Amino acid sequence: MAFINPHINFNGNAEVAFNFYKAIFGGEFVKVVRFKDMVAMGHTFDAAEANKIMHIALPIGGNILMGNDVPAILGVVDEKENRSKIAVSAKDLVEAESIFKGLSEGGEVEMPLAASPWGSYFGMLRDQFGIEWMVDYDPNYRAEIN
């Protein structure tokens, strides 16, 4: 069975925020990907955004707090509205595809579920109620899903 985790969008201060959360909750980041890491995979970003966070993940208890800096090309995140998504981590690709298909019915696909540059299968959508979801299956993730 899949599990869900909170995902927060930031306007350039994701790393500062996540270091703050790490100081409060403890633990270590399980993943930190910067925009410059994506250049080798054929993606281009403005040099001013090279060191900003494309993806960061901090385990807290049995959950994972995830986040990123929103690239300037996508605009500024309204920090009082629409800055978080629900991230679903599926146990396998079949489950990820089923969840993505189900949630997207009557909604709007923002990024189709497909192989990502960072090694997982990933997609984003807004369901028919306006709730934003990210669905992910990482074949290299080895933690137990309770």
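The basis for the numbers below is simple: all heavy atoms, side chains too, and nothing from hydrogens, waters or symmetry mates. Note that the structure is predicted; figures quoted are calculated from it, not measured. We're numbering straight along the sequence, starting at 1.
- Residues Leu113 and Val135 approach most closely at CD1-O, 3.8 Å, considering heavy atoms.
- The distance from the CG atom of Asp138 to the CG atom of Asp92 is 13.0 Å, given to the nearest 0.5 Å.
- Classified by interplanar angle (parallel below 30°, tilted 30° to 60°, perpendicular above 60°), the ring pair His55/Trp118 is parallel.
- A pairwise comparison of heavy atoms in Asn5 and Met66 identifies CB-CE, 3.7 Å as the closest pair.
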Tyr137/Glu95 under side-chain contact (heavy atoms from CB on, under 4.5 Å): CA gap, chis, key distance, verdict
CA-CA 9 Å; Tyr137 164 62; Glu95 184 179 56; over 6 Å; no

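- With rounding to the nearest 0.5 angstrom, the CD1 atom of Ile64 is 10.0 Å from the NZ atom of Lys31.
- Here the CG-NZ distance, from Leu58 to Lys22, works out to 8.0 Å after rounding to the nearest 0.5 Å.
- Residues Asn9 and Lys85 share a closest heavy-atom pair of ND2-CE, 4.0 Å.
- Distance check, rounded to the nearest 0.5 Å: CG of Asn11 to NZ of Lys52 gives 8.5 Å.
- One N or O on the side chain of Asp69 and one on the backbone of Gly12 form a donor-acceptor pair closer than 3.5 Å.
- Contact annotation: the side chain of Arg126 approaches that of Glu132 to within less than 4.5 Å [non-hydrogen atoms, C-beta and beyond].
- Between the side chain of Glu15 and the backbone N or O of Ile53 there is no donor-acceptor pair closer than 3.5 Å.
- Closest heavy-atom contact between Leu65 and Phe18: O-CE2, 3.3 Å.
- If you take CG on Asn68 and CZ on Phe10, they are separated by 8.5 Å, rounding to the nearest 0.5 Å.
- Connection of Ile60 to Val30 is not established within any shared hydrophobic cluster, with ILVMFWY side chains joined at heavy-atom distances below 4.5 Å, either directly or through further cluster members.
- Taken from CD in Glu110 to OG in Ser104, the straight-line distance is 11.5 Å, to the nearest 0.5 Å.
- Side-chain atoms of Phe29 and Asn19, non-hydrogen and from C-beta on, do get closer than 4.5 Å to each other.
- In terms of hydrophobic clustering, with Ile, Leu, Val, Met, Phe, Trp and Tyr side chains grouped at heavy-atom distances under 4.5 Å, Val109 and Ile99 are assigned to a common cluster.
- Put simply, Ile24 and Ile56 are part of the same group of oily side chains (I, L, V, M, F, W, Y) that touch within less than 4.5 Å, one to the next.
- Among all heavy-atom pairs drawn from Gly119 and Pro139, the shortest one is O-CD, 3.6 Å.
- Between Gly123 and Phe100, the shortest heavy-atom distance links the atoms C-CE1, 3.6 Å.
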